[in-house]
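Below you'll find the structure, written out as structure tokens, and then a few comments.
Below, chains carry the letters A, B, ... as their sequence lines are ordered, and counting in each starts from 1. Computed from a prediction, not measured in an experiment: that's the story for all the values here.
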Amino acid sequence: MSMLSLIVFLPLVAAAVMVAVPSIGSAAARWAWVAVSAVELVLVGVLWAGYEDPGPNELAFEEQVPWIPGVNSSYHVGVDGLSLPLLAMTAFVFLACAIYALGDSERPRAQTALFLFLQGVSLGVFVAADLILFFVFFDLSIVGMYFVIAGWGHGNAAGSALKFFLYTFLGSLALLLGFIGLYVFSDPHTFDIPELVAATPLQDSPLTGGLVLAAILVGLAVKTPTVPFHTWLPPAHTDAPATGSAVLAGVLLKMGTYGFVRIAIPILPEAWRGWAWVIVVIGIVSVLYGALVALAQTNLKRMIAYTSVNHMGYIILALGAVGLAVDDSAQARSVAITGAVVQMVSHGLITAALFLLAGVMHARSGTYEMGSYGGLAAPAPRYAALFAVAAFASLGLPGLSGFIAEFQIFAGSIAVAPVTAIALLGILITAALFLRALQQVFTGHTQGQSTGFADLRGRELWSVGPLLSLSLLIGVLPQVLLVVIEPASASVVDLIGR
Amino acid sequence: MQMQPTLLLPEIIVFVGGLIVLLGGSFLPRHRQSIARAVAALALLGAAVAAALAMAGPAQAAFSGTFAVDTATGAARVIAVLTTLLVLGVAGGEIAGSPRESDTYALLLFATTGVMVLAGATDLLVLIVGFLLASIPLYGIVGLASGRSGAEAAMKTYFMGALSGIVLMLGVTVLYALAGGTDYARLTHELPAAPTAAVGAGVLCVLVGLLFKAGGVPAHFWVPDAAQGAGVTAATFLTTVPKIGALVAVYRLVATVATGNDSWLVVAAALATVSMFLGNLAAYWQRDPRRLLGWSTVAQVGFLLVPVSAAGRSDLALPSLLFYLAAYALTNVAAFAVTATLPKHRELTAYRGLARSRPGLALTLLIALLGLVGTPPLGVFVGKLTTATAAWDGGHGWLALVVMLNSLLSLFYYLRWIGPVFARPAEESPGFPRSGGAAAWPLATASAAAAASLGLGILAGLLWATLEGPLLL
């Protein structure tokens, strides 16, 4: 068994053990979760240490076992510069959630099993090199998240979970339809991603190619989510538990954006170029709409949820811009893709931290309404400090990872298409809304729910702190991350130019 | 041409097993009836082995080309007898010690024989024999349930069955007149030259008859009533096993007539579409879990008809149909077996809180229902994937879209069931019986079937290799 299979299946096996052995106690379940997540992070670290760039359309740590030979689908896994950073980010976010959940009391054994299952399938999505394998993990992540929201959520959890499941299932079925289309029009028929990338099916049939791409785009756009497919996101986040929101925003949303760079762009480059303007517009609209709606929120968690729509918009914008021109701007377009991948990592870390902090707020006082707080910095200075760091990271302050990502996205995109500068307004609005939230909640006289608000405790500090430290590390030493991503971005640029 | 009766060994074993159970059961005391169940199980296992061995051999025709022993027949036989074996497990909870125990087993075995004959028939007259042999015991099984809804179910099934049988025979008569013979080889040859309208009427009549067996539109009205009103053993059997024979028969017939006229593939696609939509939409607001499953099986027939629309056009068509049949049979039995462990819970809302008090059973139900939706990596997912791919490969891209759309539609009503199962228990709920006792058999069956449906998906490649083989017409 290769390293990657171990990374994917260790949490799944641990989850199965959790389900199968009812005698596991609460504390044992909690710490087992932390232990498995920690081992996962170590394994990913070992993987990173041994990683060398495999070259264009090649994968490192590859493993392939036939699964359904009748349709040329196999258990094919591997990593490259696009997936390895996401793998690391996923392992990190799940470990943070495990530590955070040490203080939760509701059905720990089931919760541990569910999150370990989610971790396994999330990692599986990022290592899959076969469309059907990708779909299997993609779909299972939806099922897992449904139970997280329905089982551990608050408010109208059942309704939000149902909406989440139906909506994202619609997306995954559109995706599957697109995958079947790729299979039917490839010669020889296959579901293998590297083979499809090499074959570029539908290169000469713009209409069918456009339809297949449309199915894949809809599927991924629902998951990402972009405007107008984002309406499932706010209720799901509002009613999900803190750890569920962190995983949903931090990891699951990346499956959509990752699908664009892994599948849509390399396999259907011509169709992508043909649709690039539409994608850029969707990106710009998502950026502006997400930011404006976030500005209008009074509920802190809903506000963070809408900033996710805004942040995912930058990624879509960058990926669309890459398809706009195929000429001498290869350098700029490569920068845009690198920025998009850094944004996926950065957003994962920062949003997970923000949602965990929002969870602390709900655990203390039962409400996310920003208006019911005030002067929170006085009773809870650590909380205020971490929240401020997370907010500044999210709005793109230099020195933190969000800046590295957004700077590269705009540097690359504006060089290709100056009109994309409109989306800079999004950064301005996000800055405004975060500053306003900080002011409303943390400054002034201590009042309302802020009175008696207990500051962050050990496990809360140890879950949020590392996430933000890593964001800071990427902000200060981006080279650690960029050296892995850049070769992969350059090869995506080559692929789209075919 | 030789008779070669050994080629029909699985059918013979099951039929003789049925006779032994019927006669022997009359002499067994009430409390020793489990011997009859053991004999029935033994006969089914023997037939499964014989059918598997026959599959390993070359494809051949028996009885002067009226019965094909090929991959399709072999797969249908194995799936049918093993599913009936699982149905015996479900029956262990419901009818053990009842006055009609051994009779039920005998009827199940006879009906299974008919299903196998239906699957292998390559002659319209043999098809009629299979139809009748599969149908008549079924009326008895459905009628064994007492009570008003049981009687209604039996009447509906009987009338629909009698009508469909007549329509089927009418169709056969017409085709006989047009082709001057009833074997499929001759039909392939003669029908293209015959008047299109007459051929159309004949084939449609035969299809309607077979769709009664399958429980698909337009002969589906009996399915939800029978699933709700009949006993759980009967409901499990009649929503699962007859479909296996009927759909293989539909495939053979459509493949035969489509060689001369492609539009039959479109007819199959249309029938698939109507079954999917009607079954799924009708299941929406059902409150009885078994009636909900009944409508869901109507929709599943639609999904199963999808590969038929690619018969002869895509290499995936036949293997995907057979794979889907196997996966569907396991998954559907698992779902019905769960309802058999909770015979008093006849409302979806009564399942509220099941996950807290019976986590294992809730997990089994979850696997079964998500399996029916087509969640990977369960068996039905591979079935849906390959059937949709076959349809698109065969030129019906829109049908793949319809499959996806209907999967989404179906998710909603399955979630209406899953939701309460995993919700917090209500304050005044009566609770759930502890495991063990009479419910031990269906519980074990449900777990085994659910586990097998998962295994089928994960090990899909192994099974797929055995399903790729030529179709004898």
Side-chain angles (χ1 to χ4, degrees), chain A residues 19-20 22 65-75 106-107 109-110 113 121 124 131-140 142-143 146-147 150-151 157-159 161-162 165-185 189 191 208 211-212 215 219, chain B residues 314-316 319-320 323 355-356 359-360 363 366 370 373-378 381-382 384-395 397-398 400-412 414-416 418-424 457-468:
Chain A
V19 171
V65 181
W67 179 29
I68 319 174
V71 292
N72 272 333
S73 176
S74 59
Y75 171 80
E106 209 185 336
R107 284 171 292 145
R109 190 168 63 90
V121 298
L131 292 177
I132 297 307
L133 192 66
F134 181 91
F135 179 79
V136 168
F137 289 129
F138 190 90
D139 214 33
L140 287 177
I142 298 173
V143 176
Y146 166 79
F147 282 104
L162 184 71
F165 201 163
L166 288 174
Y167 214 137
T168 50
F169 195 70
L170 166 75
S172 79
L173 289 172
L175 193 62
L176 185 60
L177 197 64
F179 288 175
I180 294 176
L182 290 179
Y183 171 87
V184 169
F185 292 104
H189 293 328
F191 281 113
T208 325
L211 286 175
V212 170
Chain B
S314 168
D315 293 339
L316 294 173
S320 68
F323 191 95
R356 307 280 168 114
L363 188 67
L366 178 70
L370 286 181
V373 178
T375 307
L378 299 163
F381 163 70
V382 179
K384 268 192 185 160
L385 168 71
T386 50
T387 50
T389 308
W392 196 335
D393 199 24
W398 60 273
L401 178 66
V402 171
V403 168
M404 297 307 154
L405 205 59
N406 272 284
S407 299
L408 181 69
L409 289 181
S410 71
L411 176 67
F412 177 72
Y414 292 121
L415 281 181
R416 285 187 62 232
I418 295 174
V421 167
F422 288 88
R424 291 179 182 84
I458 290 170
L459 303 175
L462 297 178
L463 184 71
W464 188 274
T466 65
L467 296 178
E468 284 181 313

Top contributor to chain B contacts, counting heavy-atom pairs under 4.5 Å, from A/Ala150, A/Gly151, A/Ala215, A/Gly181: A/Gly181
Given heavy-atom pairs under 4.5 angstrom as the criterion, report whether the side chain, backbone, both or neither of A/Tyr167 touches chain B. neither
Is B/Trp392 close to chain A through its backbone or its side chain, or both, or neither, when contacts mean heavy atoms under 4.5 Å? both
With a 4.5 Å cut-off on heavy-atom pairs, point out which of A/Phe137, A/Tyr146, A/Phe138, A/Tyr75 contacts chain B the most. A/Tyr146
Checking B/Val382 against chain A: side chain, backbone, both or neither under 4.5 Å from a heavy atom? side chain
Tell me whether the count of non-hydrogen atoms from other residues, nucleotides or ligands lying under 6.0 Å of CG in A/Asn72 goes above 12. yes
Quick one: CZ on B/Phe412 to CG on A/Leu162, what's the gap to the nearest 0.5 Å? 6.0 Å
Fit a plane to each ring of A/Phe169 and A/Phe165, take the angle between them on a 0 to 90° scale, and name the class: parallel (under 30°), tilted (30 to 60°) or perpendicular (over 60°). perpendicular
Of the backbone (N, CA, C, O) and the side chain (C-beta and beyond), which part of B/Leu385 lies under 4.5 Å from a heavy atom of chain A, both, or neither? both
Would you compute the distance between atom CG of B/Leu467 and atom CG of B/Leu462 and round it to the nearest 0.5 angstrom? 11.0 Å
Counting heavy-atom pairs under 4.5 Å with chain B, the top scorer among A/Ile132, A/Val143, A/Val19 is A/Ile132
As an exercise, state the distance from OG of A/Ser73 to CZ of A/Phe134, rounded to the nearest 0.5 Å. 13.5 Å
Check whether A/Val136 gets within reach of chain B through its side chain, its backbone, both or neither, counting any heavy atom under 4.5 Å. both
Which of the residues B/Leu411, B/Leu459, B/Leu366 is involved in the greatest number of heavy-atom pairs with chain A at under 4.5 angstrom? B/Leu411
Among A/Phe147, A/Tyr183, A/Phe185, who wins on heavy-atom pairs under 4.5 Å with chain B? A/Phe147
CG (A/Leu170) and CG (A/Leu166) are apart, to the nearest 0.5 Å, by 9.0 Å
Looking at every non-hydrogen atom in both residues, tell me the closest pair between B/Ala388 and B/Ala400 and how far apart they are. O-CB, 3.9 Å
Would you compute the distance between atom CG of A/Leu176 and atom NZ of B/Lys384 and round it to the nearest 0.5 angstrom? 10.5 Å
So, for A/Pro69 and B/Gly461, which heavy atoms are closest and what is the spacing to 0.1 Å? CD-CA, 3.5 Å
With a 4.5 angstrom heavy-atom cut-off, could you sort out which part of B/Phe422 is near chain A: side chain, backbone, both or neither? side chain
Under 4.5 Å from a heavy atom of chain A, the part of B/Leu316 involved: side chain
Of all of B/Leu463, B/Ile458, B/Leu370, which one pairs up most often with chain A through heavy atoms under 4.5 Å apart? B/Ile458
Region of B/Ser407 that comes under 4.5 Å of a non-hydrogen atom in chain A: both
Does any heavy atom of chain A fall under 4.5 Å from the side chain of B/Leu405, the backbone, both, or neither of them? neither
Part of B/Phe381 within contact of chain A (heavy atom distance under 4.5 Å): side chain
How far does NE2 of A/His189 sit from CG of B/Asp393, to the nearest 0.5 angstrom? 4.5 Å
